[in-house]
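For reference, the structure is listed below as structure tokens.
The chain is numbered in sequence order, starting from 1.
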Amino acid sequence: MADGFIRWYREAAATPVFAEQTELFAAHGIALVHPVRGAAVVLDVEGEGVLMRPEELGRLLGLRIASLTLNWWFSADVDVVDAYAYEPLGCEIQTLWLDGLTPEQADTVEAAVVAAATALPVPTRAVIVDREGEGDPEDWDSAVLYEGETPSRFPDRVLARGPLAERLRRSSPELRSEGTGGGLTLFAPARRL
């Protein structure tokens with residue numbers, strides 16, 4: 001079994017919203033700045049931490065010149081790895097890895113992402129929550145980015161808007177759904193909602 005993850009697809013922002021996302025995550029107890037090292041931690045190609053000022057990291061993310069991987073912090077030794085990627089179709093993708101977290105910490109990460117997805121001014125296309133890592137993060141790329149088919153294995157939860165939400169309603173009527181705000185609908189198998 002793979003590691004659990006949350007994959008967040010959103011429209012590319014004309015104005016970067018990283019500072020606002022950082023504030024929303026902080027409100028859930030997840031910090032960008034390492035509590036001891038006093039800086040954001042970006043991972044280099046070997047997985048080593050490189051210290052960076054949050055403003056510098058926000059500027060790099062806003063330039064969209066490369067994918068970046070960074071850490072969010074619950075404490076000095078409990079982190080969430082977050083991989084930022086950009087698609088040429090005007091979409092930003094964040095994949096937050098849940099491995100090594102307690103169920104309560106994973107709940108907190110999910111709550112922070114949902115709060116940001118519904119509150120930020122940049123429209124979210126979808127949020128895929130696969131707590132056990134039974135699927136692969138890229139499994140939903142076709143459905144979200146290109147209006148392709150949805151994967152046969154449904155994850156724990158999907159927040160979706162627009163064409164994807166309509167396709168899920170039509171193709172999977174057995175899924176439970178409810179509005180979450182921000183124009184998003186939460187879909188889940190009946191046992192998981």
Distance in Å, [X] [atom1] paired with [Y] [atom2], rounded so as to fall on 0.5 Å steps:
X      : Y      : atom1 : atom2 : answer
Ile128 : Asp136 : CD1   : CG    : 12.5 Å
Asp82  : Asn71  : CG    : CG    : 9.0 Å
Glu147 : Arg167 : CD    : CZ    : 5.5 Å
Phe154 : Asp139 : CZ    : CG    : 12.5 Å
Thr118 : Leu186 : OG1   : CG    : 11.5 Å
Leu98  : Phe5   : CG    : CZ    : 9.0 Å

Practice prompt. Examine distances only and state if a side-chain atom of Asp130 and a backbone atom of Gly133 form a donor-acceptor pair shorter than 3.5 Å.
Written response: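 Yes: the side chain of Asp130 pairs with the backbone of Gly133.
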List, one per line, each side-chain donor-acceptor pair under 3.5 Å for residues 39-62, sequence neighbours excluded.
from  : atom 1 : to    : atom 2 : distance (Å)
Asp44 : OD1    : Glu46 : N      : 2.9
Asp44 : OD1    : Gly47 : N      : 3.1
Asp44 : OD1    : Glu48 : N      : 2.9

With sequence neighbours excluded, what pairs up with [X] under the side-chain hydrogen bond (donor to acceptor under 3.5 Å, both in side chains) test?
X      : result
Trp140 : none
Asp107 : Arg131
Tyr86  : none
Thr95  : Arg7

Practice prompt. Please state whether the rings of His34 and Trp73 are parallel, tilted or perpendicular, taking 30° and 60° as the class boundaries.
Written response: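 Judged by the thresholds at 30° and 60°, the geometry between His34 and Trp73 is perpendicular.
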[Y] and [X], any side-chain heavy atoms less than 4.5 Å apart:
X      : Y      : answer
Thr185 : Arg169 : yes
Arg125 : Leu145 : yes
Phe74  : Leu101 : yes
Asp141 : Tyr9   : yes

Heavy-atom closest pair, residues [X] and [Y]:
X      : Y      : value
Ala160 : Phe187 : CB-CE1, 4.3 Å
Pro189 : Leu175 : N-CD2, 3.7 Å
Ser75  : Pro35  : C-CG, 3.7 Å
Thr124 : Leu184 : O-CD2, 3.7 Å
Val122 : Arg10  : CG1-CD, 4.2 Å
Pro137 : Trp97  : CG-CH2, 3.3 Å

Worksheet item: Taking a hydrophobic cluster as the set of Ile, Leu, Val, Met, Phe, Trp and Tyr residues connected by side-chain heavy atoms closer than 4.5 Å, whether directly or through intermediates, do Val81 and Val36 fall within one such cluster?
Response: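 Different hydrophobic clusters.
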Item to complete: Mind running side-chain contact (heavy atoms from CB on, under 4.5 Å) on Trp72 and Leu96 for me, showing each step along the way?
Response: CA-CA 9 Å; Trp72 296 94; Leu96 295 101; 4.2 Å; yes
Enumerate, atom names and distances included, each donor-acceptor pair closer than 3.5 Å involving a side-chain atom of residues 23-33, sequence neighbours excluded.
from  : atom 1 : to    : atom 2 : distance (Å)
His28 : ND1    : Leu24 : O      : 3.0

Worksheet item: CD of Glu174: more than 12 outside heavy atoms within 6.0 angstrom?
Response: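 It does: Glu174 CD has more than 12 such atoms within range.
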